[in-house]
Every structure is written in C-alpha cells, then in structure tokens.
2 protein chains.
Amino acid sequence: MRVRLEDVARRAGVSPKTVSRVLNDEANVSDATRKRVTAAMEAMDYRPLSSARSLAGNRSFLVAMLYDNNDNPASTYLAEIQDGVLEACDAHRYNMMVRPLRMRGEDFVRRLDAVISDHHPDGIVLTPPITDYAPLLKRLRERQVPFASVSPVSRENNIGVAMDEQLAARTMVEHLLSLGHRRIAHVSGIADHGASRWRLAGYREAMAAAGLAEDPALVVQGAFTFASGVAAARQLFALKKRPTAVFAANDDMASGVMWVANERGMKVPQDVSVCGFDDIPLASQLWPALTTIRQPSREMGKVAALQLLEVLRGRGPGRLVEMPFSLEVRDSTAPPP
Amino acid sequence: MRVRLEDVARRAGVSPKTVSRVLNDEANVSDATRKRVTAAMEAMDYRPLSSARSLAGNRSFLVAMLYDNNDNPASTYLAEIQDGVLEACDAHRYNMMVRPLRMRGEDFVRRLDAVISDHHPDGIVLTPPITDYAPLLKRLRERQVPFASVSPVSRENNIGVAMDEQLAARTMVEHLLSLGHRRIAHVSGIADHGASRWRLAGYREAMAAAGLAEDPALVVQGAFTFASGVAAARQLFALKKRPTAVFAANDDMASGVMWVANERGMKVPQDVSVCGFDDIPLASQLWPALTTIRQPSREMGKVAALQLLEVLRGRGPGRLVEMPFSLEVRDSTAPPP
DNA sequence: GACACAATTGACAGCGCTGTCAATTTGCGG
DNA sequence: CCGCAAATTGACAGCGCTGTCAATTGTGTC
C-alpha cells in the first residue's frame, strides 16, 4: 500500500538506515549511494511519514508562530507575516502552526508551556508584541526551544528580523517638516510595545533636530486600533492650537484620524496632513491615499523563519537581519494651510 | 522525564490499553475506572505525544484549511475564517494547518494529492473559491478525506456552513430601491466564484421584482480587488446616464468605487450611493462608513470546522449550517440626488 | 444459585522511522 | 602491498501509543 522507507531501501539495495541518512541529508553517505537512494525515492514517490520520524527522532518538524490576539484581532499585518513564515517553512519541509497567545493574564507563561508540551514545536517564531516579554523568553531558553523574532525590541542575543523603525519614523516626520509643518502631532501605540517606543522616539528625534520643543498636548496615546485613532484625533482637533499634521504610529490609527478630520469637515491634506506607518492595503484604499512607511511584512516573516530554520537544521547560528523601509509619499500629506 | 501513558497506567493501577481508551473517550470503560484514570492523568499532568498516537492509530489529528492564494493575498476575510477554524480545532485538541493552493495551473489536483500524502490531514476545510472545483472534490472523495466547506455553491451532499447570499444581495438592493434609486449598478466578482453568482442573482432578482429592466451597461465585471473596483467605477461613471447607486460584490471593490467617486469630485452619498458586501473592518474605516452586508466570517469558519470535527470524531454526519446575515446601513447610502 | 451473555479489562505485537554502536570498506602513507 | 585511520554501511532495539483479540468480571434470567 504505502511506500515505506524499508521499501525504498530494498529497491536501492541498501539498509533502511542508509535511506534514513539520505532522507535527513546527513554526511557520510557516498555520492554513488546517495544518488541511487534518491533515484529510488523518486521512482517510488516515497513520502516519509512524519509521525514516525517524529516519534523515532524526537523532533516534530514543526514551527509555531506565536501572536498576541488580544490587541491584534485578525490583522492584515499578521496575515502577511504568517504568509512569509509559511513560505519559508514549506521550503524546508517544516510544518507551521499558528498559536494565538493572549498576553494578558498571569498564566501567560503557563499557556506557553502548554503549547510546548502539547505540540513540541522544534522552534518558535515570535511576533510583536510578544517578542520581548522577559518571563516568556526565559522559559523558552530553559526549555531549550530555539526561537526567532520579528521586530524584537532588544537586538542583543536575538535572531530574526528587524527594521530601523526609529529612523523610519524620523524620516516620516522629516518629510512633514520639509513640507513646512511645525505643529506636528503624534498618536502613539500601546506604550510597552517596541513599535510604539521606536516610532515615538523617531518623532522626538526629528522634532528636536529641527529645533522644535515638544508640546506634550501634541503627543496622544493610542492603542494601534482604528477606534483609538478616532479618540486621539478628537482630542487633538479640539485643541485651541490644532496641529497642522498628524503622524500616527500605524495605518489603522491614521485612518481613524482621517475619519475624524472628515467628520469635522476638515480637508486632508489641505487643512491637515495625516500619515501612518506599515503600509497595509488599507493605506492605498483610503481617500486621499495615505502617506506611510512601507514595511515589508511578508518578507520579514519569511526572513525571520529562515533564520530559525537555519538553527533548527544545524546550519548555523542565525542572525538578526535588518530590513529596509521606504517612505511612501501619497496624497494625505501636503504643505500646511 | 516525560510522563508516558504507561506511567499513568501504573499510577491508576490499570493497563496501558485502558488509559488509551479513556484518553480517546471510548465506550466500555466503567465509570469508576474512567474517573481513576482521569485523576491520574491530571495529577501527573500527562500530555499524550501526538506523533505516537498518530503512528499507532493511523490518524493525524490534523485539520488542513485550504485556500486559494491566487485571488486572496492575505485577505482579512480569510484571516477571520482561519481564526474561527482554529478555535474549533483547539476545542477538540486537533491541530490546524493552513495550506495555500493556487487554483490556476493543471497540476492543481496533483498539488492537493501532495498535501494529503505529505501531511495526512484527518479532514479538510475548504474556503471559497475552492469549495466547488469538481476534480478536487472527486479526489477528496476517492482518497476518503472528509471535508467541510465554507459557502459552497452546491448545497447538495456538502457539510459546512453557508449563508443565503442571494437573499442578502437582494436585501441590499431593496434597501437602495427603498431610498428611491432606480439606476443601480452592480460590480460583480470573479465570474466563476459562487459568491459572484449569488450576489449578481440577488441584484437581478431585486431589480426584476421592482419592475426594472436590466441595463447591461450597469453590470460590470470586477475581480474582488480594490483595483478592479476602481476600474469598474471609472467605466460606470463615464456613462452618459450614470448610476445613482453602485452595489459592489464586496467591500474592497466598494472602496475602489468610492475612491473613484472622490477622484471625480462626486460626493458619497449625496451624488452617488455606494455599498458593499462582507463587512470587513475596512468598511467602518472608510469615510463615509460603508453600508454593507455583515457576514460573520469568524463564526462561519468555526461552524464549518465543527461540522467537520463532528465527522472526524465519529459523532455524526455533520450538516450544512445556515448562518444569518445582517444589513448594516451606514453612511454611504442615501436617496438619489 | 447456575448459566448465558454482555461489559470490561488486559497481553501483545507492531505502526515507520532513527539512535547507537558495531562491522565493513575505502583511502593513504610507507 | 600492508597496516591503520577514516569513511561508509548495517543490525537492532525501541520511540509511545493503539489495534486485535483473548481473558476476566459483572448482569440478568429462570
């Protein structure tokens, strides 16, 4: 019925163990033998049974992608990362599973433990914001589960992928400054997310470099959601001295800002400029199209997974790869009125 | 080190086979024994090793969710379905894997075969548009892999979840009619998708019921993408006799229509009403907020998976569950000018 | 209270693969 | 050509669980 490793061995005239070695790409197999075995595998369309490989070899060929579904309900950003991770796993015949992991609650680490005990992933891909929660990282290290991160806060001792978000944010604010804006507001994200901190830092850096003192009223706390962008904008536009430009820490919040501008009859970008960060599809679908920072999410997921796979396959230590960003100037930013 | 089934058996004073029976929730175990075994499992925090269960029991505890990544790059709709499927699988301790499966190309069925041979999913959840491709369904039946579908075209012989999309579309058009619109355009989706056919049929049904002859110029073919909505709207708004309302077959296309309206200086809804279908988050983020049909995607994913799991667990035959829709009247529709 | 029958439990082999370690072959220096 | 180390190959057990089927215990009947 099913072709087993033993059948391949018989056909190639070698022992099962040798076929196993070829299957796992191990060293110390002569070229001639390897070729013969590979040919037999192909001829018989051999498909190794992963449960048997896992049981005997004590590994799962499984990569788990963890995400926080508390602040990220079905976000486009995560969907893109997932797509990239999946592509990388496929390329190396690893399976991928996605695991939501609510970050609130004390039993957070216990739930991580359960995931590991239940599924025994060979490695884990961490996505923001669970890239930097110390107890979690500690537990992963104790349990010796290799992991790679997408946009971790700390670059020390971490593999995966990162982007210079602070520089990106600074670049965005410099774009606004170059248009002539001086009263530039910032809607930040959830305070303890690395993304929020970097983007806020970039904003401050650019403002300071331009010799502008920070006006605390112009920095409003958001939560990366559309609704929080709406709330922040209501607050900003109620100011006596309104900002002429608003830089939101992500596109969803920027769309909330634009929504409120519309609501109040303010024209974007004539009356107020608005810009975001991430370049999710929404950014191009808004009117006017949103000026934002393009972050190659899909590629980042792929690269992070590849670093992890390098470790899992014993090919190297993996590294933290820096990805480029780009400023996408569209129609939501213009000189101040 | 690791707690095995055998360890639990020893502690409970029964044979391993009996523990196995309890683990698999089989009949013919006395209540007393079951209780004792369950207690031992809990006390020892026993975690069955799924690779061993799979190998010995010849099943994988895996549900694969298939989607077409050709026309659906990282869509919100799929992300929501996935979330629901995942929840259902978790509840029954099944694993979920997501598999993109490009529908173009001849080797489509061969690639499906590869997925089955490589991963041996116990069952499959099919998402639009791959719910009704005959060769694929045939192969699944040949291979005896149970499957459930989300919004299949054919309701015969299918389990999963469906919505009366035709009625929903008709309801939407009736909403436009009741506002006083008569020249109502429709931007349809990819022709051979069930969703396109139903939504178009609902449009026609409502128009006919209102005694309006169909104007072929008012029905434009789209492809479910923002760009195709833009293209369709350019065509519609170039007409001498422009429509006063446009019903797009999904929200992404509707946002394209609104974009073009903005581009041409037409006010929505004063100059033209626009509405969509699906109620993805985008719908509420647009200005004006989009009138649309709410489709409970997440819930639908969950329900479809539950039907499949009912079959996998030998609990019943599963059925095709009908989900309710709702018309979300927001700010993009109003009486004609 | 004995008997037939059903319900419950257990013994044992084996799922398909890989780790361990021993056996064999190959390559190389002298 | 021989001897030795390195490279290559194979034998075998066993990973943790479940299917099969036999043994045991419980239940109802007359």
Side-chain angles (χ1 to χ4, degrees), chain A residues 1-38 40-41 44-62 93-95 117-120 122 312-314, chain B residues 1-38 40-41 44-62 93-95 117-120 122 312-314:
Chain A
M1 170 78 204
R2 145 173 278 282
V3 177
R4 293 157 308 156
L5 182 141
E6 189 194 335
D7 304 320
V8 175
R10 198 170 306 117
R11 170 145 179 170
V14 297
S15 73
K17 178 69 219 193
T18 297
V19 177
S20 166
R21 275 191 267 261
V22 172
L23 180 62
N24 291 290
D25 217 20
E26 287 173 23
N28 292 336
V29 177
S30 73
D31 280 351
T33 306
R34 192 181 298 275
K35 221 160 282 172
R36 205 144 33 90
V37 171
T38 307
M41 283 177 168
M44 307 179 82
D45 191 29
Y46 170 63
R47 308 290 183 140
L49 189 64
S50 67
S51 56
R53 295 226 281 166
S54 299
L55 180 58
N58 196 33
R59 58 209 174 128
S60 60
F61 301 96
L62 217 209
R93 319 208 102 228
Y94 269 70
N95 299 321
S117 301
D118 285 340
H119 305 287
H120 298 279
D122 287 341
L312 298 187
R313 303 180 350 116
Chain B
M1 171 77 203
R2 144 174 280 282
V3 177
R4 291 157 308 155
L5 182 141
E6 187 194 336
D7 304 320
V8 175
R10 199 171 306 118
R11 170 145 179 171
V14 297
S15 74
K17 179 67 218 193
T18 297
V19 178
S20 167
R21 276 192 266 262
V22 172
L23 181 62
N24 291 289
D25 217 21
E26 287 173 24
N28 294 336
V29 177
S30 73
D31 280 352
T33 306
R34 193 182 296 275
K35 221 161 279 170
R36 204 143 35 88
V37 171
T38 307
M41 283 178 169
M44 306 178 82
D45 190 30
Y46 171 63
R47 308 292 184 137
L49 189 64
S50 66
S51 55
R53 296 227 282 164
S54 299
L55 181 57
N58 195 33
R59 56 209 175 129
S60 60
F61 301 97
L62 217 208
R93 317 208 104 229
Y94 269 70
N95 299 321
S117 300
D118 285 339
H119 306 287
H120 297 277
D122 287 342
L312 297 187
R313 301 175 358 111

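Below, chains carry the letters A, B, ... as their sequence lines are ordered, and counting in each starts from 1.
- Residue contacts for Asn58(A): at a heavy-atom cut-off of 4.0 Å it reaches no nucleic acid atom on any strand shown.
- Closest approach of Met41(B) to Val19(B), counting heavy atoms only: CE-CG1, 3.7 Å.
- Remark: side-chain polar atoms of Asp122(B) are paired, donor with acceptor, to backbone N or O of Phe61(B) under 3.5 angstrom.
- Arg36(B) places a side-chain N or O within 3.5 Å of a backbone atom of Ala12(B) that can act as its donor or acceptor partner.
- Between dA7(C) and Asn28(B), no contact under 4.0 Å exists linking OP1 or OP2 to a side-chain N or O.
- Residues Leu55(A) and Leu49(B) are in side-chain contact: their nearest non-hydrogen atoms beyond the backbone lie under 4.5 Å apart.
- For Ser54(A), there are no side chain to side chain donor-acceptor pair (under 3.5 Å) partners at least two apart in sequence or on another chain.
- Applying the salt bridge (charged side-chain N to carboxylate O under 4.0 Å, His left out) rule to Asp25(B) yields the partners Arg34(B), Arg315(B); only residues at least two apart in sequence or on another chain are considered.
- When the ring-ring contact (aromatic ring centres under 6.0 Å, His included) test is applied to Tyr46(B), no partner is found at least two apart in sequence or on another chain.
- Under the rule for a salt bridge (charged side-chain N to carboxylate O under 4.0 Å, His left out), Arg21(A) has no partner lying at least two apart in sequence or in another chain.
- A 4.0 Å heavy-atom criterion places the boundary nucleotides of DNA chain D facing chain A at dA7(D) to dG16(D), written 5' to 3'.
- Nearest-nucleotide positions on DNA chain C place Ala27(B) closer to the 5' end than the other of Ala27(B) and Glu26(A).
- For the segment residues 47-54 of chain A, the set of residues with a heavy atom within less than 4.0 Å of an atom of DNA chain C comprises Pro48(A), Leu49(A), Ala52(A), Arg53(A), in numerical order.
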